[in-house]
Amino acid sequence: MREHLPDEKSGEPVIQLKNVQFSFDKVLVLKDVNLVINRGDFVAIIGPNGGGKTTLIKIMLGLLKPDAGTVLLLGKPPVKSCRQAGYMPQYATGEKDFPIKVIDVVLLGLLGTTGWRPFFSASERQKAEKCLDMVGMLPLSMKKVGELSGGQLQRTLLARALVSEPEILFLDEPMANIDVGGQTMLFDLLAKLNEEMTIVFVTHDVGLLSRHVKSVVCVNQKVFFHPAAEITPDMAYMLMGEKCSMDLIAHGVPHRVLGHHNHHDHNDNDSLKQQDKGR
Amino acid sequence: MFELLQLPFMQNALFAGVLAAVACGVIGSLVVVNRSVFMAGGIAHAAYGGVGIAFFFALPALPCIVAFSLFIALVMAALTVKKRGRMDTIIGVLWAVGMAIGIILVDLTPGYNVDLMSFLFGSILAVPKSDVHLMSILVVFILAVVTYFYKELLSTSYDREFSQVRGIKVVPLHFLVSALIALAVVMTIRVVGLILIMALFTIAPYLVEKYVSSLAKMMLFSSLLNILFVLTGLWLSYKFDLTSGATIILTAACFFILFKCGVILFTKLRSS
């Protein structure tokens with residue numbers, strides 16, 4: 001069992017959010033977000049549905065512009081540096097019948113690094129095949145994406161995010177369509193990738209905080225950074241009350257389930273508790 | 001049959017038909033995978049405003065329609081780039097306004113215009129040589145642009161947000177696609193008329209989409225199918241003295257229905 005103390009993370013900051021605020025159609029989604037993620041971290045972003053998890057990583061990637069505050073990705077505004085990031089979205093927006101093969105989806109991850117020619121080169125195809133092999137999708141590389149299962153599509157999209165050899169990997173609900181055995185394998189793969197890149201992933205399932213995760217970010221309009229892979233009572237409150245606490249006990253987070261909270265954001269936590277009592 | 005092909009108007013008709021078929025096959029594929037058929041319909045109908053302007057100011061028709069369709073397409077792109085959810089409403093408004101402008105301007109033009117119907121329903125047999133030349137230039141232009149931006153167009157059609165993270169300028173590309181639709185619309189007006197353009201945009205790409213494994217192949221086979229529709233329709237309309245545009249569309253529709261029935265029959269036979 002590994003303990004991750006804050007001073008262990010000496011890496012430079014790769015994501016910096018300062019006083020970030022974001023609203024969607026006048027509804028406040030994120031408020032006063034201050035967050036620093038350092039190089040080499042393996043961060044799980046957790047929080048209730050609609051709490052702003054996906055919004056948060058879209059802001060980090062520059063896909064959404066905050067109403068206020070500053071965002072730096074690798075020390076630059078995200079629009080300038082987003083190409084050094086790999087992104088695996090929650091769902092492919094492409095339709096089921098879209099005429100595209102698995103390998104061609106992965107090759108699209110090389111856009112921005114490739115030349116003007118309408119087709120990809122042999123060495124680029126090799127790169128794509130290597131990534132497909134990593135996620136175990138190489139045998140299906142010539143299939144149309146419409147013929148894939150949900151889990152196979154997720155793995156294809158992971159390969160697409162990896163093919164550009166990113167410095168930071170953003171994953172939105174990477175485990176959503178994958179069975180338990182597949183999830184363990186995927187976490188092992190991510191842990192290996194984490195030796196070379198920072199990983200930030202969104203999940204609504206706290207049972208998925210594997211032993212590889214180094215820090216946890218809790219999102220429910222406000223954002224808390226916890227420099228250890230543990231679930232505190234305050235975090236449990238954020239995750240919508242009883243059902244989730246039950247889950248926590250049932251699945252057993254690898255260490256210090258419901259450990260004591262000693263974070264400094266007391267005001268925020270108190271307001272959350274009140275919110276919880278009111279429910 | 002062969003003496004028919006020696007008639008100059010028939011040769012022009014064949015060239016114009018094949019050019020329009022290719023343009024609609026390529027751009028129609030983009031329209032279908034982007035689910036922007038309604039937008040293409042809006043541009044096609046609003047293009048009638050260009051016809052009105054050409055009549056009213058006594059300007060050459062095709063350049064006028066090109067300019068007006070491009071204008072409408074770019075306005076649509078500008079209005080829809082942010083609020084993709086409200087796209088259909090905005091398109092509906094422009095659709096109606098464009099047509100209304102065309103009709104009012106034609107009303108205000110002195111004299112009765114017989115040629116008007118040709119823009120609504122097509123007049124492939126009356127395509128002048130100069131239009132064939134302009135159409136060839138437009139087709140070469142469309143093919144060149146689509147080839148150059150193929151990877152970017154493919155990526156944004158498949159997953160817009162991911163493309164943005166890869167540094168693709170999705171907003172200019174959105175304008176580009178709208179402009180390409182407008183150009184393809186203009187090309188097709190002479191052949192089947194703006195009322196019937198949607199069939200050439202949608203029928204072939206929809207039929208092909210399920211059976212091909214890449215967007216490029218979808219464009220290729222849609223173009224080939226469109227050529228088949230245009231040539232068969234043209235021959236039938238000559239043989240039975242029918243309106244050519246409508247005959248081309250009905251040829252495509254018959255093919256579509258027969259193909260779908262064939263597929264259903266085939267799967268039934270295989271499962272039993």
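Bear in mind that the values here come from a model prediction, so they are computed numbers and not experimental data. Just so it is clear, the values below take in all heavy atoms, side chains as well, and ignore hydrogens, waters and symmetry mates. Each chain gets a letter, A, B and so on, in the order the sequences are listed, and its residues count up from 1.
Rounded to the nearest 0.5 angstrom, B:Ser163 OG and A:Leu111 CG are separated by 7.0 Å. Annotation: the span from A:Leu157 atom CG to B:Phe162 atom CZ amounts to 8.5 Å, rounded to 0.5 Å. To the nearest 0.5 Å, the span separating CZ on A:Phe120 from NZ on B:Lys151 amounts to 4.5 Å. Atoms CG and OH, on A:Asp97 and B:Tyr211 in that order, are 9.5 Å from each other to the nearest 0.5 Å. Rounding to the nearest 0.5 angstrom, the gap separating the CZ atom in B:Arg160 from the CG atom in A:Leu63 is 10.5 Å. Rounded to the nearest 0.5 angstrom, B:Leu154 CG and A:Ile100 CD1 are separated by 4.0 Å.
Within the 3.5 Å criterion, the main-chain N or O of A:Gly112 finds no donor-acceptor partner in the side chain of B:Arg166. Between the side chain of A:Lys144 and the backbone N or O of B:Ser214, no donor-acceptor pair lies under 3.5 Å.
Listed here is the closest heavy atom pair of B:Ser213 and A:Asp104: O-OD2, 4.5 Å. Across every non-hydrogen atom of B:Val165 and A:Ala85, the tightest pair is CG1-O, 4.2 Å.
Heavy atoms closer than 4.5 Å to chain B are found nowhere in A:Lys80, neither backbone nor side chain. Using a 4.5 Å cut-off between heavy atoms, A:Val105 contacts chain B through its side chain alone, with no backbone atom that close. Using a 4.5 Å cut-off between heavy atoms, B:Leu153 makes no contact with chain A at all.
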Stepwise side chain to side chain contact (heavy atoms under 4.5 Å, CB included) test for A:Phe98 and B:Asp159: CA-CA 11 Å; A:Phe98 200 101; B:Asp159 190 340; over 6 Å; no

Test log, rule side chain to side chain contact (heavy atoms under 4.5 Å, CB included), inputs A:Val145 and B:Tyr158: CA-CA 11 Å; A:Val145 286; B:Tyr158 183 65; 4.1 Å; yes

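Within a 6.0 Å sphere centred on OH of B:Tyr150, heavy atoms belonging to other residues, nucleotides or ligands number more than 12. In this structure, A:Lys18 places its NZ atom where only 12 or fewer heavy-atom neighbours from other residues, nucleotides or ligands lie under 6.0 Å away. By the neighbour-count criterion of 12 heavy atoms within 6.0 Å, atom CZ of B:Phe38 is densely surrounded, having more than that number from other residues, nucleotides or ligands. Crowding of B:Phe175 atom CZ: a count of heavy atoms from other residues, nucleotides or ligands under 6.0 Å exceeding 12. No more than 12 heavy atoms of other residues, nucleotides or ligands shown are found within 6.0 angstrom of CE on A:Met185. Enclosure of atom CZ in A:Phe24 is not indicated, since only 12 or fewer non-hydrogen atoms of other residues, nucleotides or ligands lie within 6.0 angstrom.
Of the residues considered (B:Ser29, B:Gly167, B:Ser155), B:Ser155 shows the highest number of contacts with chain A, using heavy-atom pairs under 4.5 Å.
Of the candidates B:Lys217, B:Glu209, B:Lys210, B:Glu209 is the only one forming a side chain to side chain contact (heavy atoms under 4.5 Å, CB included) with A:Pro99.
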